[in-house]
Number of protein chains: 4
Amino acid sequence: MKYPETKPPVFTLTAGPVDAYPEVLRALGTTVLYDYDPAFQAFFEDLTLKAQEAMGCDLPPLILQGEPVLALEGAAASLIARDDVVLNLASGVYGKGFGYWAARYARKVEEIEVPYDTAIDPEQVRAFLKAHPEVRIVCVCHHDTPSGTLNDIDAIGAIVAEAGALLLVDAVSSWGGMPTSPTASQAGIYVTGPNKCLGCPPSLSLVAVSQAAWEKIEANPDAPFASMLSLKDWKNAWKKTEPFPFTPSVAELNGLSAALDRYLDEGPEEVWARHALTARICREGIKGMGIELWPVSEDIASPTATAVKMPDGIDAGVVLREARARYGVSMSAGRAETLGKLIRIGHMGPTAQPGYALLAVSAMGGALKALGAKVDVAAGLAAAQATWDAAIDA
Amino acid sequence: MKYPETKPPVFTLTAGPVDAYPEVLRALGTTVLYDYDPAFQAFFEDLTLKAQEAMGCDLPPLILQGEPVLALEGAAASLIARDDVVLNLASGVYGKGFGYWAARYARKVEEIEVPYDTAIDPEQVRAFLKAHPEVRIVCVCHHDTPSGTLNDIDAIGAIVAEAGALLLVDAVSSWGGMPTSPTASQAGIYVTGPNKCLGCPPSLSLVAVSQAAWEKIEANPDAPFASMLSLKDWKNAWKKTEPFPFTPSVAELNGLSAALDRYLDEGPEEVWARHALTARICREGIKGMGIELWPVSEDIASPTATAVKMPDGIDAGVVLREARARYGVSMSAGRAETLGKLIRIGHMGPTAQPGYALLAVSAMGGALKALGAKVDVAAGLAAAQATWDAAIDA
Amino acid sequence: MKYPETKPPVFTLTAGPVDAYPEVLRALGTTVLYDYDPAFQAFFEDLTLKAQEAMGCDLPPLILQGEPVLALEGAAASLIARDDVVLNLASGVYGKGFGYWAARYARKVEEIEVPYDTAIDPEQVRAFLKAHPEVRIVCVCHHDTPSGTLNDIDAIGAIVAEAGALLLVDAVSSWGGMPTSPTASQAGIYVTGPNKCLGCPPSLSLVAVSQAAWEKIEANPDAPFASMLSLKDWKNAWKKTEPFPFTPSVAELNGLSAALDRYLDEGPEEVWARHALTARICREGIKGMGIELWPVSEDIASPTATAVKMPDGIDAGVVLREARARYGVSMSAGRAETLGKLIRIGHMGPTAQPGYALLAVSAMGGALKALGAKVDVAAGLAAAQATWDAAIDA
Amino acid sequence: MKYPETKPPVFTLTAGPVDAYPEVLRALGTTVLYDYDPAFQAFFEDLTLKAQEAMGCDLPPLILQGEPVLALEGAAASLIARDDVVLNLASGVYGKGFGYWAARYARKVEEIEVPYDTAIDPEQVRAFLKAHPEVRIVCVCHHDTPSGTLNDIDAIGAIVAEAGALLLVDAVSSWGGMPTSPTASQAGIYVTGPNKCLGCPPSLSLVAVSQAAWEKIEANPDAPFASMLSLKDWKNAWKKTEPFPFTPSVAELNGLSAALDRYLDEGPEEVWARHALTARICREGIKGMGIELWPVSEDIASPTATAVKMPDGIDAGVVLREARARYGVSMSAGRAETLGKLIRIGHMGPTAQPGYALLAVSAMGGALKALGAKVDVAAGLAAAQATWDAAIDA
């Protein structure tokens, strides 16, 4: 029995999109209201304040009407003025990619780049900023998803703050799945999305903008307005008395509301704990069957996705197809530089459950074995189970 | 008994967003697939081809991941090169607004502007193009929603084609509710959205781009790429073998698929017929109670929204609140220049049903009467009913 | 344009099933839990207590796993012992029908029957009970739906209580749409269903059983047990520590929970008020166009359904088909003795909104007119609108 | 981390109710139609014919408005006349239980009872019928769910047919998950339900009645009519021109329609194959960790549920709670005689996927181990994985 590519897989254990929580899927089908209806405008204000509570930011966050790529491009366009010198921190494909957007708007983009299985050393940032006091903005990706690695944005944020620069954080695939927040990282702009750990479908962004960042945006004559890329347009739109720049994605906002309720109701710490545990079980299972993780150290492995290094001579794409065909499990390939070299198992929202780690180990191991890799699937499953049990009994 | 503003209205008869069809609302809750899962990629290809069938365009249309404001801004940015002279046709707030986008990208924007209760005269366009052979692009809004008026884009399109220029059409709130298509209007770019007459929530755009327009875009060195505003990025994304520029809005695409199925299954001509009939009944009801329509002539009144002129001394906003409080009916205000002066009753998708025209007449008339306007609600209802009956018996 | 029979109508304004509230429809799709899962057992206990709050009964009501016909048959089988003399009150098809069930179990069934456009006179019941002290059980239908008429169950209940007998009430299509309760009617057994005024799909029953009725049931050696018809089997099933007699209808219970939340959140008095107002508008509209109501007096017309008498020579079935074909409005025929003679317009749950009364008048009037009846539809609409306005301004 | 009892489990791997297929959950929320609306009556006819296609029966099956307990009680009441001698075959709690219903209606109930971890020997039936030619009806449970064991109903059916008696089959938890049908078993009445292998919520029954059985029912003066327990009432209700005996469960029927579409679309043989494979993997996993299955032989183990024998001194209830608390996995207890002695893992509908077998082995093994049982969970997981791999590679 093999699972055909023409039908949905049984388990989507990707690094996103993942399936949405059932509550969210149902909420998407709520009666669509007119955006200027007073009930909708009040809903949007309440929703924004609920998002603020969940994100723990000082000002109401922006809810932008596109997946976080919109928010990141918009943030670059809004924050970076033509005279700015930007320091881009690149420890992976997404961090690197942000530099290209930054370069569109900045006078100059400096970059600290490290191998994509490692993380940025905050001390290197400190040294760089000391040597380059002209840097106004520092950009960093928290969880560089195509590598499954984390940067220490809170440490970096403290250094950036000390240097009087503004930090722009991409926390798309970390926020909601681990302890991280705009304030802890002292971010000027902190971009995340409900389509990863919050368990919504992709379509919206959440953007926390600090007072200082708003001032910089408002002082930037090139900051987009009357544009899809504008942050400014949305600054006051959360207030029920203010108009929307354009029609918001009503159904997705209904879904977001259900997701935030769920997050706050389960309790952020409980949510983070099951993401962390699922990732730990997954890593132990992978290592237990004799396969290496992609990150050089588990200290920088994200609790929201596990990147698995492919054994020499084995192409990740072939493994993915095999795992899907044999076990009905869909996982994520790498991107760009990491494409073909690794496979990512997501632990996000509804899939951040230990049981799914077991299934991922089974599918990854079974596919590798079927392709001739030296792998002890049974040992992997045993390690995963033992890790789970140890955590339960702790 | 009055309906409170804190709760949803009973009937949303706005010019959009309107409520989605029930099939669409349910489809939004479909299991979210990973965008690179082969089943999803095949789905997206099928969906694009289904959209092509519905739109009747020569090439697969783009499905963009934002409501049509994104598509219009992206179209302007992509099509209009820095040396271009653009002719913008403005018969309303939306047509006028497009000119501002055009001005960002063009060398020069010429404009034919007419009063916002009238339509562009195609012969004036012909004369202008003859006098200004340097015009490369002509922009027009088909149904200028804030006025409820139609421009004759097929006639204009023929003239533009003859002049060797490219036509950019905003058919957001007309397509799917009346006979109109990219080919009939000979449009270079034809933008619409599933969130009006197709009965989806707002979040996506459909964009037909002609071969000639693609050539112009590709020759434009400033056309956005690697950007939310890019059309180019999405050109080949419909093919199941090609990557997505960024994560598509999976849930909304599931909704779109259901909406297209419904549209094709009911039959476009049947759909258009009920939009037209609903609008006609509504107009007769409004006139029947002694209130004027906004358009100077019914010949240019859209079958997808009826704009009602407020009697002297009566503010549209007050009427809207009164209608909602008294009858639970939510309708749309004007925008910008038309704000306060008119009210719009939408006939779009699920609300394009004669019964809703009757309710709109009841609510509009009742609210006006309660505010002291001279209005014969009973006569309006009688006229609406008589129009309906005559159509049934025809 | 006519609406085909092969497709759903646009408006379902029947006396039930009506469409469910949107919240309920969404709740039906909640993840199905195992009935013995502790989370489900706790949910069922909470649900029962919420139903008790809504019904205002002294003991937790039974939630039976079938539409109210099950509950009524089960109530007859459980309560009526083979030596019992039962008085059945028949003012309509449903009341009459209950007598047949009663006759299966009772030693003797006495009956007070009145014409089906009138109501039972409580004084007649008093006199009968005085003359027949052997009567142990009195059965009455509150809202005899096929006639759209109400019996005064509170007055009857007081008389029955005084006589020391037990009252069995069918309040299926009245409860939740008007002020009525098990305690106000002093009912021994009070049967209702969530599929009428509560806005759920048909599939469940709610049954309030008094302490005295439980004692009678338990003393009845023929009361069903280990049977679908049993009330006893379910007596303690609401407790989270107790087993279910058989598998409950999990999805429907999820829907019921949402419906009860909605009912309690909107406020029962507000719910009743809009049922009453809708019915009043509908009746004035019907009369206003020159058509008679079925009940001999409006004092006994139910606020949850309006029964309209067909003019001489006009068959109700033909009118129903015509109304559906012309206006997309589905209404209810009569049943048995009232079949062909009347049409019923429901005002239940989501359709208990004045706007729907207007549409019903339009469709009923238009269909009658098309069939040659002497009817002034415009006058009917005017009367409905005027009634609505008067109520708003009151 | 433990999973609280107050929240739903993560994985429901019970012997039913299981979660419904996502398509079914969405279909439950379809607009509720009036049961006498012509579109609904046509839908019900189509649905019945689709159920007939799926069940492969000669006559349109009955769709009864209650879970299969209703159908079984109704079948007993309808088929068994007061002079009948019935042979009840009891190999488990459900088979035994049916005898109590049979005894309510029959002159005499004979019984062949075997230990509840074994199956009925068809030859014993043959011998009994030969010795008791007065037996008119034989009753058998195909999959006696509380034991996870199968009886060979096709062999028994052939013997019963030969003897000129009628077979009444309870195939509730087998049909749709394995090759079985009314015709293959030559059943007079064959009862199943969509709430097991078809992946619907519990609320409906499907009943195939043969021509001979209808004749017997119609000749039975005690067969219920005008009753919830009646089969006769529903005989012709499937025809779009015929009335319903009472209001059908519209939402559940919408769900059933989606489930049948899914079943026929996936292909019954493919559906059965994944049930069989899941069960096999589960059994190998259980045995592999050193735990015994409940059935004396795997030849009689159902592909739709795996019954696991608890080690001496270990109470099943405690294991269930432990598995749920530790792993978020909900499984089923035994019933009556098997309660406490075994645990059942369902493989039904959406949970008939090998991945869930792995999770069941993990949870069952982990819980047993935590409670001190001698169990090698790792070996169980290894065996399950190996079995899965062998099947894939076969």
Side-chain angles (χ1 to χ4, degrees), chain A residues 4-9 12 14-20 22 24-40 42 65-70 73-74 97 100-101 104 195 200-203 226-229 245-252 254-255 321 324 330-333, chain B residues 4-9 12 14-20 22 24-40 42 65-70 73-74 97 100-101 104 195 200-203 226-229 245-252 254-255 321 324 330-333:
Chain A
E5 295 215 331
T6 50
K7 295 205 174 166
T12 293
T14 60
V18 291
D19 195 12
V24 175
L25 289 175
R26 288 197 302 280
L28 291 171
T30 305
T31 307
V32 174
L33 296 188
Y34 177 49
D35 53 344
Y36 284 96
D37 188 89
F40 184 80
Q65 312 304 306
E67 74 109 319
V69 152
L70 164 66
E73 185 183 1
Y100 301 124
W101 277 329
R104 279 191 197 156
N195 56 315
C200 289
S203 184
S227 169
M228 193 75 188
L229 293 179
F246 54 85
T247 313
S249 299
V250 179
E252 302 287 340
N254 287 328
R321 276 193 295 280
R324 193 188 188 285
S330 187
M331 297 177 287
S332 291
Chain B
E5 295 216 330
T6 51
K7 296 205 173 166
T12 293
T14 60
V18 291
D19 195 13
V24 175
L25 289 175
R26 289 197 302 280
L28 292 171
T30 305
T31 307
V32 174
L33 295 188
Y34 177 49
D35 52 345
Y36 283 96
D37 189 88
F40 184 79
Q65 312 303 305
E67 73 109 319
V69 153
L70 165 66
E73 185 183 2
Y100 301 123
W101 277 330
R104 280 191 197 156
N195 55 314
C200 288
S203 183
S227 170
M228 193 75 188
L229 294 180
F246 55 85
T247 313
S249 299
V250 178
E252 302 287 341
N254 287 328
R321 276 193 295 281
R324 193 188 189 283
S330 186
M331 297 176 288
S332 290

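Reckoned from all heavy atoms, side chains included, excluding hydrogens, waters and symmetry mates. Reminder, nothing fancy here: chain letters follow the sequence lines and each chain counts from 1.
For a residue to count as touching a neighbouring chain, one of its non-hydrogen atoms must lie under 4.5 Å from one of that chain's; by this rule Val18(B) touches chain A with the backbone only. Interface residue Thr6(A): only backbone heavy atoms are found under 4.5 Å from chain B. The contact between Ala20(B) and chain A is made by backbone and side chain atoms together, counting heavy-atom distances below 4.5 Å. Using a 4.5 Å cut-off between heavy atoms, Arg321(A) does not touch chain B at all. Residue Pro248(A) touches chain B through its backbone alone, counting heavy-atom pairs closer than 4.5 Å. With a threshold of 4.5 angstrom between heavy atoms, Tyr36(A) approaches chain B through side-chain atoms but not through N, CA, C or O. Using a 4.5 Å cut-off between heavy atoms, Thr31(B) contacts chain A through both its backbone and its side chain. Residue Pro245(B) does not touch chain A at all, counting heavy-atom pairs closer than 4.5 Å. Neither the backbone nor the side chain of Ala27(B) has a heavy atom closer than 4.5 Å to any heavy atom of chain A.
Listed options Arg26(A), Met331(A), Glu252(A) were ranked by heavy-atom pairs under 4.5 angstrom with chain B; first place goes to Glu252(A). Contacts with chain B were tallied for Cys200(A), Ser330(A), Pro68(A); Ser330(A) has the most, counting heavy-atom pairs under 4.5 Å. By number of non-hydrogen pairs under 4.5 angstrom with chain A, the leading residue of Asp19(B), Leu28(B), Thr12(B), Leu25(B) is Asp19(B). The greatest number of non-hydrogen atom pairs below 4.5 Å with chain A, out of Pro4(B), Ser249(B), Pro38(B), Ala251(B), is found for Pro38(B). Your options are Val69(A), Asn195(A), Asp37(A), and the one with the most heavy-atom pairs under 4.5 Å with chain B is Asp37(A). Interface check for chain A: of the options Ala39(B), Pro201(B), Ser203(B), Pro202(B), the most heavy-atom pairs under 4.5 Å are formed by Pro202(B).
Of all heavy-atom pairs between Ala226(B) and Arg104(A), the closest is O-NH2, 3.1 Å. For the residue pair Tyr34(A) and Gly16(B), the shortest heavy atom distance occurs at CE1-O, 3.4 Å.
Within the model, atoms CD of Glu73(A) and CE of Met228(B) stand 8.0 Å from one another, a figure rounded to the nearest 0.5 Å.
At a threshold of 4.5 Å between non-hydrogen side-chain atoms, the residues Gln65(A) and Leu70(B) do not count as touching.
Listed for the Glu67(B) side chain is a donor-acceptor partner under 3.5 Å among the backbone atoms of Thr247(A). With Trp101(A) contributing its side chain and Ser227(B) its backbone, the two residues share no donor-acceptor pair below 3.5 Å.
Exactly one residue among Leu33(A), Thr30(A), Val32(A) makes a side chain to side chain contact (heavy atoms under 4.5 Å, CB included) with Pro8(B). That residue is Leu33(A).
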